[in-house]
Colleague: 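One structure, pasted below without further comment.
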Amino acid sequence: MIEVTHLTKHYGSNAAVDDLSFTVEKGQIYGFLGPNGAGKSTTMNILTGYIAPTSGEVVIDGHNILEEPEEARKCIGYLPEIPPVYPDMTVLEYLQFAAELKKISKSEREAMILEVMQTTGLMEMQGRLIRNLSKGYRQRTGLAQAVLGYPDIIILDEPMVGLDPKQIIEIRELIKSLGQKHTVILSSHILSEISAICDHIMIIAHGKLVASDTPENLMNLMRGSGSLELTIRAKEADARRMLSSLPGVQSLDVKDSAEAGSCDVLIKTEADNDLREMIFYMCAQEKKAILRMQHTHVSLEDIFLELTEDHPAEQKPKKKRRFGFGGKTAKQDVDDGEFSADSNENMDETAGKWNGDADDGAGADGSGNAAGGGYGTEGTPELKNHSGAADPQEGEE
């Protein structure tokens, strides 16, 4: 369904996505897992055609997202992290509006909207204003918009952020039901949700794909590998001498314990290698008392942390900005992005350029932000919804 090849996205010198390649098969729920800032949302924005990659190729059901954007987007239903809903519309009005934008035929529109509302549990809320809905129902409304038209692929960016436990369970079950008819790609940094929902997990760290497999295979990858924690009444050298001869030990860490005359030991073992009985008899023979012994297996969280920590983010020096206060002098350097002024007069002049001017299309607040998200661009038309607000979201106030 989706083929991503050598995908790269740079913001200045920062690589948000770095040579990413993967394939999404039909009829499965894929979990896109990674820490905050890993590049999940950027990748999803590229998959949906919202932003263009710096390099690489994305093919959706045989359609290149750059060469055939309309055909590719017809295959996708997208729910961003913040649902793109209009607060002054009712749920039904919003879905009718979304259906019209998706060019769903009038003969099918009413029946499809009713079915989607039933699927997402919105039937009782169809006449309510979106501004009066809870966050969970707003999320459902955004999800209903994504499902409209029954696209083959549904992409959900952090769909459970900010929801309470009851809402999370409801959305989780809803996503599972969608997975029976659609290919679903779900991004999250919540491990429990990914493992409970997804058939396949892709782990991304610092823009790179570091693992891609089923949850079971990821667990089998390190199944049996675990750690054994001990507190032994012995000197550090004696404990190291005894335990280093054990078979199947991957690593051995011995250090002084908070308990006098004892040491703490951390042993990492190979697959299916339980050393507890052997250690017991060894310590008994050496007359070294075992004060504590705890055996743990590697979890999905451990795998995630190990995979993401192996790819540290590149630290780059930050450039300083000098603003010319306190008698200091400075220059405006276009290449480096540095800015300052030699006097208060220059500061005022430059501030005017940053803030925009009413004659150059700035907003009424003088911030330089033209209606619809512009930044002082001359001739930018104002976009108003039926509430009269310059921004559709402003009607909520």
Side-chain angles (χ1 to χ4, degrees), residues 1-7 9 17 20-32 40-53 56-86 89 91-120 122 139-159 174-187 198-200 202 383 392:
M1 292 297 295
I2 300 179
E3 295 180 11
V4 176
T5 309
H6 301 298
L7 192 66
K9 178 63 178 178
V17 179
L20 195 62
S21 298
F22 61 88
T23 302
V24 172
E25 301 294 339
K26 186 176 182 179
Q28 296 192 60
I29 301 178
Y30 283 77
F32 211 45
K40 303 186 299 297
S41 293
T42 300
T43 302
M44 291 198 162
N45 285 334
I46 294 173
L47 293 181
T48 56
Y50 185 71
I51 61 176
E57 186 179 60
V58 176
V59 178
I60 311 291
D61 198 18
H63 305 287
N64 189 295
I65 194 66
L66 294 179
E67 297 174 0
E68 302 175 90
E70 289 192 16
E71 293 300 321
R73 288 171 182 164
K74 286 180 182 178
C75 304
I76 297 174
Y78 180 40
L79 174 63
E81 185 174 348
I82 301 175
V85 295
Y86 291 87
M89 287 183 176
V91 172
L92 181 58
E93 288 172 343
Y94 174 70
L95 293 179
Q96 289 171 340
F97 171 67
E100 188 173 351
L101 288 179
K102 292 189 175 186
K103 299 180 181 180
I104 298 172
S105 64
K106 291 184 179 180
S107 60
E108 300 177 351
R109 193 176 300 171
E110 184 177 352
M112 186 177 294
I113 289 173
L114 288 175
E115 185 174 350
V116 166
M117 285 195 297
Q118 288 175 345
T119 302
T120 54
L122 289 171
Q139 204 80 345
R140 287 172 180 266
T141 304
L143 189 55
Q145 166 273 138
V147 175
L148 268 177
Y150 303 125
D152 294 327
I153 303 165
I154 297 176
I155 297 179
L156 310 174
D157 190 3
E158 303 280 4
L174 178 55
I175 293 172
K176 284 183 178 179
S177 67
L178 291 175
Q180 298 173 6
K181 298 180 180 179
H182 308 268
T183 299
V184 180
I185 302 177
L186 166 72
S187 84
C198 299
D199 304 313
H200 194 102
M202 294 181 287
L383 302 177

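Bear in mind the structure is a predicted one, so any value in this text is a computation, not a measurement.
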Colleague: To check you understand the geometry: which heavy-atom pair defines the closest contact between Ile29 and Lys176, and what is its length?
Modeller: CD1-CA, 4.1 Å

Colleague: Rounded to the nearest 0.5 Å, what separates atom CG in Leu174 from atom CG in Leu143?
Modeller: 5.0 Å

Colleague: Could you pull out all residues at least two apart from Phe22 that satisfy ring-ring contact (aromatic ring centres under 6.0 Å, His included)?
Modeller: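 Phe22 satisfies ring-ring contact (aromatic ring centres under 6.0 Å, His included) with Phe32 once adjacent residues are dropped.
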
Colleague: Are Tyr86 and Phe97 an aromatic pair by the rule of ring centers under 6.0 Å?
Modeller: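 Distance test on ring centres: under 6.0 Å, yes.
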
Colleague: Should we say atom CG of Leu101 is surrounded by more than 12 heavy atoms from elsewhere, each under 6.0 Å from it?
Modeller: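 Atom CG in Leu101 is crowded, with more than 12 foreign heavy atoms closer than 6.0 Å.
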
Colleague: Going by heavy atoms in the side chains, are Ile76 and Ile155 under 4.5 Å from each other?
Modeller: yes

Colleague: Taking only residues two or more places apart in sequence, or in another chain, which ones meet Thr23 in a side chain to side chain contact (heavy atoms under 4.5 Å, CB included)?
Modeller: Glu3, Glu25

Colleague: Go through Ile65 and Leu47 one step at a time and tell me if the side chain to side chain contact (heavy atoms under 4.5 Å, CB included) criterion holds.
Modeller: CA-CA 7 Å; Ile65 194 66; Leu47 293 181; over 6 Å; no

Colleague: What residues, two or more places apart in sequence or in another chain, satisfy side chain to side chain contact (heavy atoms under 4.5 Å, CB included) together with Tyr150?
Modeller: Met112, Glu115, Val116, Val147, His182

Colleague: Would you give the length of the straight line joining atom NE2 of His63 to atom CD1 of Ile2, rounded to the nearest 0.5 angstrom?
Modeller: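 Taking NE2 in His63 and CD1 in Ile2, the distance rounds to 12.5 Å.
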
Colleague: Please report the interatomic distance CE(Met117) to CG(Leu148), rounded to the nearest 0.5 Å.
Modeller: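 Rounded to the nearest 0.5 Å, the CE-CG separation comes out at 9.5 Å.
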
Colleague: Partners of Leu66 by side chain to side chain contact (heavy atoms under 4.5 Å, CB included), sequence neighbours excluded?
Modeller: Ala52, Pro53, Asn64

Colleague: Over all heavy atoms of both residues, which pair between Pro159 and Leu79 is shortest? Give the atoms and the distance, please.
Modeller: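 Result for this residue pair: CB-CD2, 4.5 Å.
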
Colleague: Please report the C-alpha distance between Gln96 and Glu110 in whole Å, then the side-chain angles of each, then the deciding distance to 0.1 Å, and finally whether the side chain to side chain contact (heavy atoms under 4.5 Å, CB included) criterion is met.
Modeller: CA-CA 8 Å; Gln96 289 171 340; Glu110 184 177 352; over 6 Å; no

Colleague: Sorted by first residue and then second, give each salt bridge (charged side-chain N to carboxylate O under 4.0 Å, His left out) pair with at least one member in residues 144-157; sequence neighbours left out.
Modeller: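 The answer is none; no pair qualifies.
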
Colleague: Search all heavy atoms of Ala144 against all heavy atoms of Leu95 and return the closest pair with its distance.
Modeller: CB-CD2, 3.8 Å

Colleague: Would you give the length of the straight line joining atom NE2 of His200 to atom OG1 of Thr183, rounded to the nearest 0.5 angstrom?
Modeller: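 Those atoms lie 13.0 Å apart.
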
Colleague: What pairs meet the salt bridge (charged side-chain N to carboxylate O under 4.0 Å, His left out) rule with one or both residues in residues 58-79, with sequence neighbours excluded?
Modeller: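 Every pair satisfying salt bridge (charged side-chain N to carboxylate O under 4.0 Å, His left out) with a residue in residues 58-79: Glu71-Lys74.
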
Colleague: Give me the atom names and distance for the closest heavy-atom approach of Ala146 to Pro151.
Modeller: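 Nearest heavy atoms, Ala146 then Pro151: O-CG, 3.5 Å.
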
Colleague: So which atom in Gln145 and which in Lys102 form the shortest heavy-atom distance, rounded to 0.1 Å?
Modeller: O-NZ, 2.6 Å

Colleague: Test Leu7 against Ser21 for side chain to side chain contact (heavy atoms under 4.5 Å, CB included), laying out the working first.
Modeller: CA-CA 6 Å; Leu7 192 66; Ser21 298; over 6 Å; no

Colleague: For a 4.5 angstrom cut-off between non-hydrogen side-chain atoms, does Lys9 reach Ile46?
Modeller: yes

Colleague: Measure from the side-chain N and O atoms of Glu57 to the backbone N and O of Val4, and report whether any donor-acceptor pair falls under 3.5 Å.
Modeller: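 Answer holds: no.
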
Colleague: For the atom pair OG1 (Thr48) and CD1 (Ile153), what is the distance rounded to the nearest 0.5 Å?
Modeller: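 Answer rounded to 0.5 Å: 11.0 Å.
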
Colleague: How about Tyr94 and Pro83: do any of their side-chain heavy atoms sit closer than 4.5 Å?
Modeller: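 No, every pair of side-chain atoms sits at 4.5 Å or beyond.
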
Colleague: What is the distance from atom OH of Tyr30 to atom CE of Met202, rounded to the nearest 0.5 Å?
Modeller: 7.0 Å

